[in-house]
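In this text the structure is predicted, and so the values were computed from the model without any measurement. Convention: sequence-line order gives letters A, B, ...; per-chain numbering from 1.
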Amino acid sequence: MIRDHSTQLSRSNSSFPAHETDKAIYFKYGIPGFESLTRFFIKNLPEYAPFLLFQSVEEPEVSLIIVDWAIYQSEKPLEIPAETKCQLKIQSDSEMNLYVILSFDSQSQQLTANLKAPLIINKILNQGQQVILDDPTLEINYHLFDQ
Amino acid sequence: MLVLTRKSEESIRIGNNIIITILNSRGPGIRVGIEAPLELPIYREEIYLRIKAENRRAATLHPPGLMMQTLSTNR
């Protein structure tokens, strides 16, 4: 499970690659709720690694906290359908980054991860899409630190 | 809203490449078949609305607000 997170975080500063993008990533349809925003930067949050900032180019005040799901993939795997990869012209998984948007559950004071709708990015073409996965067991508010 | 009456197995064409077909209903639900270009995302509306609400909620937590405090305390 994800309970022993402190060791992962202390390792994170050195072992996770930098995600910061110098080019904006193009989201043809925006993302749900921000359909008119089509270009986003991913910025490192050095103080808060491995968390990253997903920030709109057009409206920089629209910024979301995301995390590279590769860190958690072995604990809570997310499967991306072939047609999504096809839409984004992803030919192999090495061309793809998979991020999950984080949010905050005020009741439990916990971070939650939206596993139902991850961000898929073709890092070669700098194109992305927020995909809504069919799997009905995936949670929109998955508790990342299950305490 | 445009309202059209269709029988089972009849279709509606939207533009030149989207076809929506009413299929036989089984049980309480109505089954709808959709043919559309692969690059066009298709969602169940209520799920789209939930993701939309969640994205908007997540976007209100940008730094240096509550989210950052949470990230700090969760380290």
Side-chain angles (χ1 to χ4, degrees), chain A residues 5-6 8-10 12 28-35 37 43 45 47-51 53-56 59-67 83-84 86-89 100-106 109-114 116-117 119 129-134 136 139-141 144-145 147, chain B residues 1-3 8-9 11-75:
Chain A
H5 198 81
S6 53
Q8 285 192 17
L9 284 182
S10 58
S12 67
K28 189 175 179 182
Y29 302 101
I31 63 171
F34 301 100
E35 288 83 353
L37 305 181
K43 293 183 173 174
L45 294 169
E47 305 255 312
Y48 304 101
F51 304 111
L53 197 66
F54 180 72
Q55 187 172 40
S56 162
E59 286 182 36
E61 65 275 20
V62 175
S63 60
L64 297 92
I65 309 290
I66 60 171
V67 68
E83 67 246 37
T84 301
C86 178
Q87 282 169 20
L88 285 168
K89 302 186 177 74
V100 161
I101 297 173
L102 302 182
S103 185
F104 181 73
D105 177 24
S106 53
Q109 300 280 301
Q110 292 287 306
L111 277 178
T112 63
N114 183 351
K116 182 75 176 162
L119 300 170
Q129 195 177 314
Q130 186 176 16
V131 185
I132 302 181
L133 300 174
D134 273 339
E139 295 164 63
I140 290 179
N141 299 118
L144 201 56
F145 307 103
Q147 288 170 4
Chain B
M1 189 193 293
L2 170 69
V3 179
S8 162
E9 304 299 329
S11 298
I12 294 161
R13 185 178 284 261
I14 302 172
N16 56 14
N17 52 12
I18 300 171
I19 299 171
I20 296 173
T21 305
I22 307 305
L23 302 170
N24 279 320
S25 66
R26 287 192 197 134
I30 292 165
R31 296 197 311 146
V32 176
I34 302 160
E35 290 165 73
L38 189 62
E39 69 270 16
L40 205 62
I42 297 169
Y43 308 107
R44 291 173 175 83
E45 174 68 357
E46 71 280 10
I47 296 175
Y48 187 89
L49 292 178
R50 281 175 64 203
I51 300 300
K52 183 172 169 167
E54 179 61 18
N55 279 350
R56 288 195 165 273
R57 205 170 71 84
T60 62
L61 296 167
H62 64 84
L66 188 57
M67 191 69 170
M68 281 308 161
Q69 287 173 30
T70 314
L71 296 184
S72 304
T73 55
N74 271 303
R75 280 164 71 82

Fill in the blank from the handout: Interatomic distance, CG@B/Asn55 vs CD1@A/Ile140, rounded to 0.5 Å, equals 9.5 Å

Problem - Heavy atoms of other groups near B/Ile30 CD1, more than 12 under 6.0 Å - result: no

Fill in the blank from the handout: Looking only at heavy atoms, the pair that brings B/Ala59 and A/Phe34 closest together is CB-CZ, 3.7 Å

Completion exercise
Value for CG (A/Leu64) from CZ (B/Arg57), rounded to nearest 0.5 Å, stands at 11.5 Å

Practice task
Could you tell me the separation between the CD1 atom of B/Ile47 and the CG atom of A/Asp134, rounded to the nearest 0.5 Å?
Solution key: 7.5 Å

Practice task
To the nearest 0.5 Å, tell me how far A/Asn141 CG sits from B/Glu54 CD.
Solution key: 4.5 Å

Fill in the blank from the handout: Of all heavy-atom pairs linking B/Tyr43 and A/Gln130, the shortest is OH-O, 3.9 Å

Exercise for the section: Can you see which heavy atom on B/Ile51 is nearest to which on A/Lys116, and at what distance? Expected result: CD1-CG, 4.0 Å

Exercise for the section: Counting only heavy atoms closer than 4.5 Å, note whether B/Ile42 contacts chain A via side chain, backbone, both or neither. Expected result: neither

